Chemist: 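Below you will find the structure I want to go over with you.
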Amino acid sequence: MIKTKGLVKVYRTDEVETTALNEVDVEIKQGEFVSIMGPSGCGKSTLLNILGLIDNPSGGEYHFLDHEVSNYSERQRSNLRKNNIGFIFQSFNLIDELTVFENVELPLIYTKVGSKERKERVDEVLEKMNMMHRRNHFPQQLSGGQQQRVAVARAIVNNPKLILADEPTGNLDSSNGDDVMKTLVHLNQEGATILMVTHSQYCAEFGNRIIRMLDGQVVTENVVQQYL
Ligand code: ADP
Ligand code: ADP
């Protein structure tokens with residue numbers, strides 16, 4: 001599903017150049033649940049943004065599904081992204097002015113799904129995430145755990161092949177964090193490929209493989225014990 005070769009990302013601000021990714025090779029097969037770990041500033045979010053087609057690399061190759069996307073335009077990336085990728089963030093990133101229903105509906109509007117089908121699919125994922133009773137609430141009226149359940153509903157409403165999660169449990173207590181991890185495991189069992197950045201070894205081990213980064217490079221890759 002994902003294969004990079006010599007991926008490089010250099011950020012240029014004024015006179016300063018930062019090499020955030022320095023020749024990264026990663027391969028992720030369909031159906032995997034891969035965790036990415038490493039200290040702050042080592043390039044995890046940069047890698048997730050490039051693999052998630054939010055940003056382009058400065059160099060190297062990126063094969064996503066059957067496309068070589070490293071030189072794609074913003075429009076090409078956006079088309080591929082909105083049909084194939086769901087994002088989950090540490091800070092939930094819900095839109096405060098929209099209700100729970102409207103937040104989850106957005107990806108379906110972007111992909112031009114009709115209103116009747118939108119309603120069916122939003123209600124189906126809200127049911128799945130046990131949030132139907134908060135359908136017409138606004139994000140600020142929800143607990144953190146509830147907001148993340150809405151964010152997960154929004155990420156999966158388009159049935160994405162790939163789910164990218166950036167510290168999805170970072171703002172949650174351990175009980176709500178566990179619920180999110182169990183949901184990710186369940187989505188993986190249903191067929192979604194998952195790539196998750198985490199600082200937590202405990203969370204990382206819900207996946208089948210852990211990639212460790214340091215200073216813009218992949219330093220080790222391990223299969224999680226129970227998958228050996
Ligand atoms: P991590 O997610 O592992 O904390 P990041 O990918 O956010 O690491 O950052 C990697 C490096 O790139 C850091 O040195 C960071 O300061 C730098 N960086 C990230 N984003 C930008 C940006 N938009 N402009 C300039 N430098 C950036
Ligand atoms: P938690 O203990 O999980 O953090 P909260 O104390 O935030 O949960 O909320 C408890 C319940 O009250 C939740 O079901 C939440 O939806 C509801 N709730 C919290 N704040 C509001 C609010 N401002 N308006 C409506 N319902 C709210």
Side-chain angles (χ1 to χ4, degrees), residues 1-28 32-64 69-78 80-82 84-94 144 147-148 151-152 154-155 160 162-172 177 180-181 184 193-224:
M1 171 170 277
I2 281 177
K3 186 168 187 183
T4 74
K5 207 168 156 222
L7 206 63
V8 171
K9 181 68 179 181
V10 179
Y11 292 110
R12 291 187 180 81
T13 42
D14 301 328
E15 312 286 279
V16 189
E17 279 195 3
T18 308
T19 303
L21 297 178
N22 186 3
E23 306 267 336
V24 169
D25 301 340
V26 290
E27 184 166 2
I28 293 162
E32 278 201 283
F33 180 165
V34 176
S35 304
I36 302 181
M37 300 191 76
S40 184
C42 72
K44 305 181 295 297
S45 299
T46 299
L47 181 60
L48 217 60
N49 285 342
I50 292 173
L51 298 182
L53 303 173
I54 288 174
D55 204 357
N56 267 348
S58 317
E61 296 171 18
Y62 176 22
H63 301 268
F64 176 67
V69 299
S70 57
N71 291 313
Y72 266 29
S73 67
E74 168 55 34
R75 176 188 283 273
Q76 288 174 304
R77 276 186 276 125
S78 154
L80 204 51
R81 184 173 67 227
K82 64 191 183 188
N84 295 291
I85 305 178
F87 292 89
I88 303 168
F89 305 93
Q90 175 170 8
S91 49
F92 321 133
N93 292 16
L94 299 172
Q147 289 185 54
Q148 194 61 304
V152 172
R154 179 187 55 187
L162 175 67
I163 296 172
L164 297 180
D166 199 347
E167 296 271 1
T169 65
N171 278 329
L172 301 176
V180 167
M181 293 314 304
L184 290 178
T193 304
I194 300 184
L195 186 58
M196 172 182 73
V197 166
T198 181
H199 277 109
S200 154
Q201 179 72 25
Y202 169 78
C203 289
E205 288 180 4
F206 281 88
N208 64 282
R209 187 152 66 93
I210 302 178
I211 294 176
R212 284 176 209 280
M213 294 180 68
L214 192 63
D215 292 338
Q217 296 188 306
V218 171
V219 283
T220 60
E221 293 195 43
N222 298 104
V223 174
V224 170

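No experiment lies behind these values; they were computed from the predicted model shown. Just so you know, ligand 1 is whichever comes first in the structure, and atom 1 is the first atom listed for that ligand. Keep in mind that the numbers below use all heavy atoms, side chains included, and drop hydrogens, waters and symmetry copies.
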Chemist: Can you list the residues that meet the side chain to side chain contact (heavy atoms under 4.5 Å, CB included) rule with F87, with sequence neighbours excluded?
Modeler: I54, R81, I85, F89, L164
Chemist: Does A20 offer a backbone N or O that forms a donor-acceptor pair with the side chain of T18 under 3.5 Å?
Modeler: no
Chemist: Is the closest basic N to carboxylate O distance between D166 and K44 below 4.0 Å?
Modeler: no
Chemist: Less than 3.5 Å apart, which donor and acceptor atoms pair up between the side chains of residues 212-224 and the rest of the protein, not counting sequence neighbours?
Modeler:
unit_1	atom_1	unit_2	atom_2	d
R212	NH2	Q201	OE1	3.2
Q217	NE2	N22	O	3.4
E221	OE1	R209	NH1	2.4

Chemist: Using ring pair (Phe, Tyr, Trp, His ring centres under 6.0 Å) as the criterion, list what pairs up with F206, not counting sequence neighbours.
Modeler: Y202
Chemist: Non-hydrogen atoms closer than 4.0 Å to ligand 1: which protein residues do they belong to? List them by chain and number, please.
Modeler: Y11, T18, A20, P39, S40, G41, C42, G43, K44, S45, T46
Chemist: Please determine whether salt bridge (Lys or Arg N to Asp or Glu O under 4.0 Å) holds for the pair D25 and K3, giving the CA-CA distance in whole Å, both sets of side-chain angles, and the decisive distance to 0.1 Å.
Modeler: CA-CA 7 Å; D25 301 340; K3 186 168 187 183; over 6 Å; no
